Amino acid sequence: QVQLVESGGGLVQAGGSLRLSCVGSGHTFSTWLTGWFRQAPGKEREFVAAMRRSAGTTYYDDSVKGRFTISGDNTNNTMYLQMNSLKPEDTAIYYCAARPGPGMVAYYPSYNYWGRGTQVTVSS
């Protein structure tokens, strides 16, 4: 059974940094499409970043380019999201997601597996 567990969220001031982690179990994710989405209160779930580790490719939403970095560690089946220069509008629940094989990178219904999320709050 595939499971994803996020951690690393918290409260930070604007301009600060956080690193989110997503530990996967039940499968080796190095060949899968894995990504991060976020959802703020009253808003749709939106794409943040994704990666295909086997191809060495990464994808970012324009709103986080240059501030966030997605990476993975195959030795412990973990994906990370380093978030720098955080803004109040980054406040949301952040979810990691995964799917085997190709899919629409920024389209959340493409992903088969989801974590429960971790809250990120950025104060102004």
Side-chain angles (χ1 to χ4, degrees):
Q1 181 179 0
V2 174
Q3 288 190 323
L4 303 172
V5 179
E6 305 95 336
S7 63
L11 172 64
V12 64
Q13 288 189 329
S17 299
L18 284 174
R19 188 176 82 154
L20 306 184
S21 299
C22 173
V23 179
S25 60
H27 199 281
T28 301
F29 296 105
S30 59
T31 60
W32 287 24
L33 173 65
T34 56
W36 291 94
F37 287 76
R38 66 187 180 187
Q39 189 165 16
K43 294 190 176 181
E44 293 280 320
R45 189 167 298 192
E46 64 178 18
F47 170 71
V48 176
M51 65 186 302
R52 298 183 198 277
R53 257 174 274 185
S54 58
T57 54
T58 57
Y59 311 85
Y60 295 94
D61 184 77
D62 286 345
S63 65
V64 305
K65 273 181 186 174
R67 300 189 298 123
F68 291 11
T69 303
I70 189 171
S71 62
D73 186 341
N74 291 337
T75 63
N76 58 14
N77 221 26
T78 300
M79 179 175 65
Y80 303 99
L81 185 69
Q82 178 66 44
M83 306 187 295
N84 299 328
S85 302
L86 282 161
K87 305 174 181 180
E89 51 263 43
D90 295 318
T91 295
I93 299 174
Y94 284 69
Y95 299 90
C96 67
R99 63 159 289 121
M104 297 177 67
V105 169
Y107 185 53
Y108 75 83
S110 289
Y111 292 78
N112 302 95
Y113 302 100
W114 292 85
R116 293 188 175 184
T118 185
Q119 176 71 48
V120 171
T121 303
V122 184
S123 63
S124 57

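This is a predicted model, so every value here is computed, not measured. Because only heavy atoms are used, hydrogens play no part in the values below, and waters and symmetry mates are left out as well, while side chains stay in.
In this structure, the side chains of Val48 and Asp61 stay at 4.5 Å or more apart for every pair of heavy atoms. Looking at Thr57 and Tyr59, their side chains come closer than 4.5 Å, going by heavy atoms from C-beta outward. For the pair Phe29 and Arg53, the minimum side-chain heavy-atom distance is below 4.5 Å. Using a 4.5 Å heavy-atom cutoff, the side chains of Leu86 and Leu18 are in contact. Side-chain contact between Thr91 and Gln119 is present, with heavy atoms from C-beta onward closer than 4.5 Å. In this structure, the side chains of Ile70 and Met79 come closer than 4.5 Å at one or more pairs of heavy atoms. Side-chain contact between Thr69 and Leu81: absent, with no pair of heavy atoms (C-beta onward) separated by less than 4.5 Å. Using a 4.5 Å heavy-atom cutoff, the side chains of Val120 and Leu20 are in contact.
Looking at Asn77, its side chain does come within 3.5 Å of a backbone N or O of Gly24 through a donor-acceptor pair. Using a distance-only test at 3.5 Å, with no hydrogens or angles considered, a donor-acceptor pair links the side chain of Thr118 to the main chain of Gly9. The closest donor-acceptor contact from the side chain of Gln39 to the backbone of Glu44 lies at 3.5 Å or more, if one exists at all.
When every heavy atom of Leu33 is checked against every heavy atom of Ala50, the shortest pair comes out as CD1-CB, 4.2 Å. Taking every heavy atom of both residues into account, Ala40 and Ala92 meet most closely at N-CB, 3.8 Å. Between Cys96 and Leu4 the shortest heavy-atom distance is SG-CB, 3.6 Å.
Note that Arg38 lies outside the cation-pi zone of Tyr94, set by a 6.0 Å cut-off to the ring centre and a 45° limit from the axis. A cation-pi arrangement, defined by a distance under 6.0 Å to the six-membered ring centre and an angle within 45 degrees of its axis, is absent between Arg116 and Tyr95.
Every residue two or more places apart in sequence or in another chain that forms a side chain to side chain donor-acceptor pair (under 3.5 Å) with Thr78 is listed here: Asn76. In this view, Phe37 and Phe47, Tyr111, Trp114 satisfy the ring-ring contact (aromatic ring centres under 6.0 Å, His included) rule, not counting sequence neighbours.
Of the inter-residue distances, the one linking Thr34 atom OG1 with Arg99 atom CZ reads 12.0 Å to the nearest 0.5 angstrom. Taken to the nearest 0.5 Å, the OG1 atom of Thr121 stands 9.0 Å off from the CD1 atom of Ile93. Taking CE from Met51 and OG from Ser30, the interatomic distance works out to 10.0 Å, rounded to the nearest 0.5 Å. Put simply, CD on Gln13 and OG on Ser124 are 9.5 Å apart, with the number rounded to the nearest 0.5 Å. Atom CZ of Arg67 is separated from atom OG of Ser85 by 7.0 Å, given to the nearest 0.5 angstrom.
Aromatic ring centres of Trp32 and Tyr113: separated by under 6.0 Å.
Checking Asn84 against Ser17 by side-chain atom types alone, a donor-acceptor pair falls below 3.5 Å.
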- request: Please report the C-alpha distance between Ser21 and Ser7 in whole Å, then the side-chain angles of each, then the deciding distance to 0.1 Å, and finally whether the side-chain contact (heavy atoms from CB on, under 4.5 Å) criterion is met.
  value: CA-CA 5 Å; Ser21 299; Ser7 63; 3.8 Å; yes
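One hydrophobic cluster holds both Met83 and Val64 under the rule that ILVMFWY side chains link at heavy-atom gaps under 4.5 Å. Both Val12 and Trp36 belong to a common hydrophobic cluster when Ile, Leu, Val, Met, Phe, Trp and Tyr are linked at side-chain heavy-atom distances under 4.5 angstrom.
For Lys65 and Asp62, the salt-bridge test passes: some basic side-chain N is under 4.0 Å from an acidic carboxylate O.
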